[in-house]
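Here's the structure we're looking at; comments come further down.
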Amino acid sequence: MHLIPLAVDAALGRGEGLWIHGDDYDTPDGTCVRDYIHVQDLARAHVAALSLEGGEPFQAFNLGTGQGRSVREVVRAVERVTGRPVKVTLGARRPGDPPALVAQPDRARTALGFAPRWLDLEAIVETTARWRRDHPHGYEGAR
């Protein structure tokens with residue numbers, strides 16, 4: 001599972017809380033920086049890729065917003081959106097985790113005409129929080 005759903009679950013009191021793996025990275029707040037893209041934007045990009053004609057038989061694209069957000073930024077956004085604290089446990093770095101990974105989406109924009117619509121972190125968190133509240137057991141509970 002990924003950071004935003006894990007942080008939302010921690011705010012909703014599910015599980016044992018959220019682990020932050022390292023706070024001594026060379027980033028503004030010491031936590032890893034990643035590019036968080038909304039699942040609807042990912043789906044739109046995949047649909048756009050299906051319409052590619054000709055060209056290379058295989059093409060790779062970076063899908064993201066091009067904006068990096070730290071783990072602590074995500075935690076704060078989850079707390080603001082849910083109105084609840086996120087229980088955080090600080091752990092050691094995971095081997096091989098780079099300080100920052102942010103998509104370079106220019107090629108997807110040019111080749112697919114793709115640009116993410118969901119750029120606001122709190123809006124991404126809000127849709128995740130709503131889904132997790134309404135479907136605590138995921139898709140299995142949605143049937």
Side-chain angles (χ1 to χ4, degrees), residues 1-53 56 58-143:
M1 195 177 302
H2 300 281
L3 176 62
I4 293 174
L6 290 171
V8 167
D9 282 352
L12 297 177
R14 299 181 187 144
E16 298 177 18
L18 179 72
W19 279 85
I20 293 180
H21 300 282
D23 67 346
D24 60 347
Y25 289 92
D26 185 17
T27 62
D29 68 15
T31 62
C32 289
V33 171
R34 300 291 184 262
D35 189 335
Y36 298 95
I37 185 170
H38 196 282
V39 67
Q40 288 180 2
D41 282 333
L42 277 177
R44 286 182 37 255
H46 282 83
V47 169
L50 291 172
S51 68
L52 285 176
E53 294 182 20
E56 303 169 40
F58 172 81
Q59 296 183 57
F61 298 96
N62 272 203
L63 298 178
T65 65
Q67 300 174 5
R69 310 295 178 101
S70 76
V71 172
R72 285 198 171 121
E73 284 179 279
V74 170
V75 168
R76 287 191 301 268
V78 168
E79 290 176 336
R80 283 190 301 271
V81 167
T82 64
R84 298 177 179 189
V86 174
K87 180 185 173 202
V88 170
T89 302
L90 183 60
R93 285 184 181 202
R94 291 183 297 199
D97 264 354
L101 286 175
V102 179
Q104 178 52 266
D106 295 343
R107 187 162 184 264
R109 185 174 297 115
T110 301
L112 304 176
F114 170 75
R117 293 179 183 159
W118 296 81
L119 297 175
D120 181 65
L121 180 60
E122 287 191 17
I124 294 170
V125 167
E126 194 281 324
T127 61
T128 304
R130 188 173 352 113
W131 170 261
R132 302 297 290 173
R133 261 191 301 253
D134 294 348
H135 304 92
H137 304 291
Y139 287 107
E140 185 137 333
R143 296 178 192 184

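Just so it is clear, the model here is predicted, and its values are computed rather than measured.
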Closest heavy-atom contact between [X] and [Y]?
{"X": "G138", "Y": "W131", "answer": "C-CZ2, 4.0 Å"}
{"X": "T31", "Y": "S70", "answer": "OG1-CB, 3.4 Å"}
{"X": "G66", "Y": "P105", "answer": "CA-CD, 3.9 Å"}
{"X": "Q59", "Y": "L52", "answer": "NE2-CD1, 3.8 Å"}
{"X": "D106", "Y": "Q104", "answer": "OD2-OE1, 2.8 Å"}
{"X": "V78", "Y": "A7", "answer": "CG1-O, 3.6 Å"}

If I take atom [atom1] from residue [X] and atom [atom2] from residue [Y], how far apart are they, to the nearest 0.5 angstrom?
{"X": "L112", "Y": "R109", "atom1": "CG", "atom2": "CZ", "result": "11.0 Å"}
{"X": "L12", "Y": "R133", "atom1": "CG", "atom2": "CZ", "result": "6.5 Å"}
{"X": "H2", "Y": "R34", "atom1": "NE2", "atom2": "CZ", "result": "12.5 Å"}
{"X": "T65", "Y": "D120", "atom1": "OG1", "atom2": "CG", "result": "11.0 Å"}
{"X": "D26", "Y": "C32", "atom1": "CG", "atom2": "SG", "result": "11.5 Å"}
{"X": "K87", "Y": "W19", "atom1": "NZ", "atom2": "CH2", "result": "9.0 Å"}

Short question: side chain of [X], backbone of [Y] - any donor-acceptor pair under 3.5 Å?
{"X": "R93", "Y": "P98", "result": "no"}
{"X": "R14", "Y": "R132", "result": "yes"}
{"X": "H38", "Y": "Q40", "result": "yes"}
{"X": "D41", "Y": "R117", "result": "yes"}
{"X": "R72", "Y": "D29", "result": "yes"}
{"X": "R107", "Y": "A60", "result": "yes"}
{"X": "D35", "Y": "A103", "result": "yes"}

Given the rule in the side chain to side chain contact (heavy atoms under 4.5 Å, CB included) test, do H46 and L63 qualify, once you have shown the distances and angles that lead to the verdict?
-> CA-CA 9 Å; H46 282 83; L63 298 178; 3.9 Å; yes
Please say whether more than 12 non-hydrogen atoms of neighbouring residues, nucleotides or ligands are located less than 6.0 Å from CG in D24.
-> yes
May I ask you to test the L18-L3 pair for a side-chain heavy-atom distance under 4.5 Å?
-> yes
